[in-house]
Each structure stands twice: as C-alpha cells, then as structure tokens.
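For reference, the structure discussed in these notes is given below.
No hydrogens, no waters, no symmetry mates; every other heavy atom, side chains included, goes into these values.
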Amino acid sequence: MDKVGVGGVIIAALSCAGCFPALGALAATLGLGFLSQLEGVAITTLLPIFASIALAVNAYGWFQHRRHWRGVLSILGPIAILATLYPLWQYGWSTYLFYCALILMLLVSVADLIWPAKRECKISGAAI
C-alpha cells in the first residue's frame with residue numbers, strides 16, 4: 001500500500017512544472033506533459049492525500065515490524081513532503097527538501113521490495 005502512496009506523490013509532483021521545474025522537465029521528457037493541466041488539483045489535493053496515505057501505511061508498518069531505523073526512514077519522507085507543502089512553502093530551500101523527500105521515499109520503497117522486514121516476536125525477540 002505504501003507503493004501506492006509513493007507512486008501517487010510522484011505522479012502528483014510530476015504534474016506541477018511551475019512548482020518543481022526538474023520534475024516538470026522529467027514529465028515532459030517521459031511524455032507526461034498532459035499532467036500539467038491537472039496542476040492545481042494535483043498539488044492542493046492529490047499530493048497531500050497520497051503523502052498522508054504513505055505516512056499512515058509506513059507508520060503502521062513501523063508499529064507492526066518494530067524496526068526503528070526502517071520506521072524512521074519510511075515516515076521521514078512523507079512528513080518532509082507535508083511540511084514542504086504547508087509551513088515551509090515560502091522558503092527558497094523548500095524545493096530542495098521536497099526533492100530529497102521524494103528521493104528518500106523512492107529509495108525506501110525500493111529497499112522494502114528488496115529487503116522485506118521480518119516480523120519480530122514480542123516474547124523472545126526472535127525474528128519470525
């Protein structure tokens with residue numbers, strides 16, 4: 001489910017060429033220039049929804065698997081995206097924070113596919 005959140009965040013970010021010029025150029029290169037018509041909806045509605053989905057799913061996964069380093073890395077990206085969209089938008093460096101958060105979300109998502117988390121038994125501490 002976190003892959004849906006990550007994918008949605010990336011698609012929503014690709015649609016805003018004015019806000020994120022590097023992603024707008026990438027979208028045009030990939031033939032996704034038509035997404036720019038949805039810029040307002042993508043940034044104000046879709047991006048926060050998908051970032052919230054990714055945050056909720058990753059927080060639940062952290063609670064479920066009890067792997068603290070994985071949990072922190074997995075929720076850091078969505079939190080940074082939501083922070084960039086709302087309280088930090090007026091700063092010039094917020095675009096760089098957004099790009100770093102997108103890259104972090106993508107890397108954590110790929111790492112979860114390659115190295116899935118093992119559930120830890122609460123009684124003995126051994127991995128199941």
Side-chain angles (χ1 to χ4, degrees):
M1 187 70 176
D2 70 328
K3 308 313 181 259
V4 172
V6 171
V9 166
I10 290 172
I11 295 297
L14 286 173
S15 68
C16 187
C19 304
F20 313 110
L23 291 176
L26 178 64
T29 302
L30 295 174
L32 300 173
F34 67 92
L35 290 175
S36 65
Q37 299 169 357
L38 306 171
E39 181 176 342
V41 173
I43 294 300
T44 60
T45 307
L46 295 178
L47 192 58
I49 287 173
F50 283 121
S52 298
I53 288 171
L55 179 62
V57 169
N58 287 327
Y60 178 71
W62 184 5
F63 175 75
Q64 199 67 17
H65 297 294
R66 309 272 188 214
R67 303 283 183 201
H68 297 299
W69 62 272
R70 286 180 83 121
V72 169
L73 287 176
S74 67
I75 68 167
L76 199 60
I79 287 174
I81 285 182
L82 291 171
T84 299
L85 288 176
Y86 297 114
L88 303 176
W89 190 254
Q90 69 265 13
Y91 301 110
W93 49 267
S94 66
T95 303
Y96 301 115
L97 177 63
F98 184 85
Y99 289 140
C100 290
L102 275 179
I103 291 169
L104 178 64
M105 285 178 69
L106 188 62
L107 290 176
V108 168
S109 185
V110 169
D112 282 344
L113 287 173
I114 296 171
W115 302 289
K118 293 180 180 75
R119 190 160 183 202
E120 208 173 285
C121 182
K122 294 181 182 180
I123 297 172
S124 65
I128 296 176

Return a table of donor-acceptor pairs under 3.5 angstrom between the side chains of residues 50-57 and protein atoms on other chains or two or more places apart.
residue, atom, partner, partner atom, Å
Ser52, OG, Pro48, O, 2.8

Atom pair OG1/CD1 of Thr45 and Ile49 - distance to nearest 0.5 Å: 6.0 Å
Partners passing ring pair (Phe, Tyr, Trp, His ring centres under 6.0 Å) against Tyr91 (at least two apart in sequence or in another chain): Trp93
Linked, directly or transitively: Leu26 and Leu106 (ILVMFWY side chains, under 4.5 Å): yes
Gap between atom CG of Leu85 and atom OG1 of Thr44 - 0.5 Å precision: 10.0 Å
List the atom pairs, with distances to 0.1 Å, where a side-chain N or O of residues 72-81 and a protein N or O form a donor-acceptor pair under 3.5 Å, not counting sequence neighbours.
residue, atom, partner, partner atom, Å
Ser74, OG, Arg70, O, 3.1
Ser74, OG, Gly71, O, 2.9

Common cluster, Leu46/Leu30, ILVMFWY with side-chain heavy-atom separation under 4.5 Å: yes
Ile114: side chain to side chain contact (heavy atoms under 4.5 Å, CB included) partners, not counting sequence neighbours: Val110
Qualifying residues under ring pair (Phe, Tyr, Trp, His ring centres under 6.0 Å), relative to Phe98, sequence neighbours excluded: Phe20
Contacts of type side-chain hydrogen bond (donor to acceptor under 3.5 Å, both in side chains), residue Tyr60, not counting sequence neighbours: Gln64
Hphob cluster co-occupancy, Leu97 + Met105, side-chain heavy atoms under 4.5 angstrom: no
